[in-house]
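Read the structure below first, then the notes.
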2 protein chains.
Amino acid sequence: MKTDRNKQLLGLLAKNVRSLRKNIGLSQEDLAFQCDIDRTYISKVERGIANPSLLVLSRIAEILQVEIKDLIKKK
Amino acid sequence: MKTDRNKQLLGLLAKNVRSLRKNIGLSQEDLAFQCDIDRTYISKVERGIANPSLLVLSRIAEILQVEIKDLIKKK
DNA sequence: ATGTGACTTTAAGTCCGTG
DNA sequence: TCACGGACTTAAAGTCACA
């Protein structure tokens, strides 16, 4: 798999998750708990160093009350 | 991670990838080659038994000439 | 041209801790 | 509350032979 140029996508995801999470007033721990995902993994997502699976994205989007597409769109 | 109810999403992805691929006149082999992904992995995605990462989705969307959101939307 | 099973390897994702 | 690391465990990524 070529990961190369698509890594900017992870940075985009990172920023969106962080801002959406803060908008809703959750800590990383809160979000992690509600998503049933490890808190350190949420931290990695928000730092752009995790490449989450579709089902993980789905869980995060659900708790943040947005669509998956909102997690990866540039605003 | 709770994978449970979100698995319908994989079925949605499956259908969309298959139809988008056919629309563009590609075989699984063609798509796989261009994505630099194994043919059998594309097969798994189209059968809804793979839970691809964001970067894999990104590669597939790129070759199918659509946005990632188009891969998971119900039409 | 595709589905499938049985793999091996890599990365996703966890857990426990520190500053 | 979060960044970050090390040592894990599990699942995704990727390969192969065959129907």
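Since the structure is predicted, the reported quantities are computational estimates derived from the model, not experimental observations. Just so it is clear: chains get the letters A, B, ... in the order the sequence lines come, proteins before strands, and each one is counted from 1.
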Exercise. Would a 4.5 Å heavy-atom cut-off, applied to side chains only, mark B/Glu46 and B/Ile42 as touching?
Worked result: yes
Problem set entry | Step-by-step side chain to side chain contact (heavy atoms under 4.5 Å, CB included) determination, B/Gln34 to B/Glu62 | CA-CA 10 Å; B/Gln34 292 190 52; B/Glu62 183 181 352; over 6 Å; no
For this session: Check the distance between C/dT4's P and B/Glu46's CD and give it to me in whole angstrom.
Result: 12 Å
For this session: Kindly say whether B/Leu20 contributes a backbone atom to a donor-acceptor pair with the side chain of B/Asn23 at under 3.5 angstrom?
Result: no
Exercise. CD1 of B/Ile42 versus C1' of D/dT15: gap in Å, rounded?
Worked result: 14 Å
Problem set entry | Hydrophobic cluster membership, A/Leu71 vs A/Leu9, 4.5 Å side-chain cutoff | yes
Problem set entry | Pairwise C1' distance for D/dC18 and C/dT9, with rounding to whole Å | 22 Å
Exercise. In whole angstroms, how far is the P atom of D/dA11 from the CG atom of A/Asp38?
Worked result: 15 Å
Problem set entry | Nucleotide D/dA11, atom P - distance to CD1 of A/Ile37 in whole Å | 14 Å
For this session: Please check if A/Leu13 and A/Ile24 belong to a single hydrophobic cluster, counting links between Ile, Leu, Val, Met, Phe, Trp and Tyr side chain heavy atoms closer than 4.5 Å.
Result: yes
Exercise. Cut-off 3.5 Å, side chains only: do A/Ser43 and A/Arg39 have a donor facing an acceptor?
Worked result: no
Exercise. Is there a residue in residues 20-33 of chain B whose heavy atoms reach under 4.0 Å of DNA chain D, and which residues are they?
Worked result: none
For this session: Take the protein atom OH of A/Tyr41 and the nucleotide atom P of C/dT14, then report the distance between them rounded to whole Å.
Result: 8 Å
Problem set entry | Contact check, side chains of B/Val66 and B/Asn16, non-hydrogen atoms, under 4.5 Å | no
Exercise. Of all heavy-atom pairs between A/Ala14 and A/Gly48, which one has the smallest distance, and what is that distance?
Worked result: CB-N, 3.6 Å
Exercise. Roughly, in whole Å, what's the span from CG in A/Leu55 to P in D/dA11?
Worked result: 12 Å
For this session: Using a cut-off of strictly less than 4.0 Å, decide whether B/Arg18 has a side-chain nitrogen or oxygen near OP1 or OP2 of C/dA1.
Result: no
Exercise. Tell me: CG of A/Leu57 to C1' of D/dA12, nearest whole Å?
Worked result: 14 Å
For this session: Round to a whole Å and report the spacing from CD1 of B/Ile49 to C1' of C/dG3.
Result: 9 Å
Taking only nitrogen or oxygen atoms into account, show me every contact under 3.5 Å that the protein makes with nucleotides 5-9 of chain D, one pair per line with its distance.
none

Problem set entry | Derivation and outcome, side chain to side chain contact (heavy atoms under 4.5 Å, CB included), residues A/Ile68 and B/Lys69 | CA-CA 7 Å; A/Ile68 291 176; B/Lys69 65 181 180 187; over 6 Å; no
For this session: Give a yes/no on whether any side-chain N or O of B/Ser43 is located under 4.0 angstrom from OP1 or OP2 of C/dT2.
Result: no
Problem set entry | Complement of C/dG5, any strand, by Watson-Crick or G-U distances under 3.5 angstrom | D/dC16
